[in-house]
Amino acid sequence: MTNAEIAKLLRNVAAAMTILNDREYHFQLVAYEKAADIISASAEQVTDLVREGKLADVKGIGEIMRGHLTELVTKGKVKHFETFLKKIPAAVFPLLDVPSIGPKRAYKLVTELHLSKPETVIADLKKKLTSEKLTIERFGETSQQALIRALEEFGKGAGKTTRMLLPFADKIAMQLTDYLKKIPEVHQAEALGSLRRRVFTVGDIDIAVASNEPEKVIAHFVQYPYKSRVIEQGPNTASLLTSGGQQVDLMVQPIEGFGSLLQHFTGSKHHNVHLRDLALRKKLSLSEYGIKRLDKKSEVREKYKTEEEFYNAMGLEWVPPEMREDRGEIELAEKHSLPHLVELKDIKGDLHTHSSYPIEPSHDLGLTSMEDMLKKAEQLGYEYLGFSEHNPSVSQHTERQIFSILQKRDEHIEHIKSNIKSVRVIKLLEIDILANGSLSVDDKSLSLLDAGIVSIHSSFGMSKEKMTQRILAGLSHPKVKILAHPTGRLFGSRESYDVDWDTLFDFCKTHNKALEINAWPERTDLPDTLIQEAIKHGVKMVIDTDSHEVSHMDLMQYGVYNARRGWAEKKDILNTLGYNEFAKWLKGGE
DNA sequence: GCCGTTTTCGGCCCGACTGTTTTCAGTCG
């Protein structure tokens, strides 16, 4: 069972509890939803955590839930879950994925309209709504029309089911904030939510505006030319769907309270819930409007112009948005001991780049010449640039031919090195680890390189044990220093392969190997949660772009964001070192 | 069902908007 399936199951149980509407379940279902959120966000598979007995380390999943999940993994289902699920018609659950349909409405629709087939319930409901005149309590004409639209949009894949990659979301948010700033009533416009936390995929786009004339701002917003429709509109907030199908939520607040608004809508939800829980213990109540003192009976809220003031008023250090996931950052902020996160300006070089040099690889070749990439590196202020084209294809060449190709690349690099002096060139190669753990180039060819970067590009479906052994075998060569895109995941098309991370981390730590944080947006690999784990194990990392074209080199920022989400500091990232130190590490042994 | 510098028992974030009523339930973030 995948994490997504387990999370969905827990959400269904929570929905069943909601429908049963028994006070007894009220807080239980919150716990189920929280567990579902934690599991969806986890980079480790729950099935693995259960088998390895590591579920106890996960905060938010207690003894009872651990028992349920163990039963789920070993027996395929959970008796306790079934007692809830069987009380609710199965056709209710698919409807929960449709925005605006929650447990209560789904149950009402299914029972009153006698929808019995879960496989076709969405189509059946739409058909009933469009073909008949229905009278359902609390579902008037307007509600029914809204439902039809929601079902149609859901069918097209709009709304919360599709997430977009961060750079794309950045672009849309930029267009919106630029549009908003066209009227003078807008003092400040910022994109918040998961986008500001720099999550690698973004669901909907949240924008906050500081203004003392909210009506004018809302009126301007709902006139956005590239919208398909306005979802809702109130005095201080509004939501619309862009013509591309992305939801944009707008909040407006007076300038003097903008700090509280920024904080609130940056989230994450779990961070905010934890923060408010902490506040309650201090007899304070937090909201997007500021902080209310509960011991005094007054309704006066203290307002905060900046986020720093807001966090400080809580006795906390300001928390970088990337860390706001309730993974222990609030505890550290209380002690004023948050890590000092790595920044883009700390990066001194990029190691994983593919030039257009004709290396005859089995995978893709880059599109930009080495010279142009070096010029770009110079503009970016780098001290060094590593070329790491894929190894020449093994099936098309003999070992001798591979050596000859690499020798020529070597001569070419030596030639251009004499022209460009400000950026040092590092001779690397992205080397496949074959299914049996061997490298796709031999020792003689490896001797031409400064170091090797290894990665997996085939046979992804191996068992966890075999894959782990395969990777360790590949990394074992003394010339190999870096494992590229360690999980192999590709957003929207490929799940991670199975690896025993503790074993891999320990190996890297012992043998002085680095893991890559690949900045390519579809990859974003290592994922943030594994970066955090790697750091706990004392493993060093490098942040690379995996550029195949000169403009890709600008994507380094996205790798840095992801590293920050994993709490990486400058000392954890090796390509923050100057050339001499980095080269020393590259040549160094274990 | 979870969790602990008020607590191993007794708490559990806070507010906006919509639609349908006329004071609120449901959904969302």
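Every chain is numbered from 1 and lettered A, B, ... according to where its sequence line falls, protein lines coming before strand lines.
- Residue S143(A) places at least one side-chain N or O closer than 4.0 Å to OP1 or OP2 of dT20(B).
- Look at the C1' atom in both dC17(B) and dC12(B): the space between them is 25 Å, to the nearest Å.
- Looking at T487(A) and V499(A), their side chains never come closer than 4.5 Å, going by heavy atoms from C-beta outward.
- For the pair R324(A) and Y311(A), the cation-pi test (distance below 6.0 Å, angle within 45°) is failed.
- Of the candidates dC2(B), dC13(B), dG19(B), the closest approach to any side-chain atom of V273(A) belongs to dC13(B).
- The side chain of L280(A) has dC12(B) as its nearest neighbour among dC12(B), dG1(B), dG26(B).
- Taking side-chain N and O atoms only, Y107(A) has no distance below 4.0 Å to OP1 or OP2 of dG26(B).
- For dA16(B), the paired base is dT27(B) (Watson-Crick or G-U wobble, both distances below 3.5 Å).
- Proximity note for P235(A) (side chain, C-beta onward) versus dC17(B), dC2(B), dA16(B): the nearest is dC17(B).
- Checked against dG26(B), dT18(B), dG29(B), the side chain of D206(A) finds its nearest nucleotide in dG29(B).
- At dG1(B), one or more side-chain N or O atoms of H68(A) fall inside 4.0 Å of OP1 or OP2 (strictly under the cut-off).
- Of the listed nucleotides (dG29(B), dC24(B), dT27(B)), dG29(B) has the atom at the smallest distance from the side chain of D249(A).
- Rounding to the nearest 0.5 Å places CG of L69(A) at 6.5 Å from CD1 of I6(A).
- We find that the ring of F27(A) and the base of dC2(B) do not stack by the test of centres under 5.5 angstrom and planes tilted less than 30°.
- When distances are taken from the side chain of E288(A) to each of dA16(B), dT6(B), dC24(B), the shortest belongs to dA16(B).
- For T237(A), the side-chain atoms get nearest to dC17(B) when compared with the rest of dC17(B), dT27(B), dG1(B).
- Counting only N and O atoms by type, the side chains of E44(A) and N3(A) include no donor and acceptor under 3.5 Å apart.
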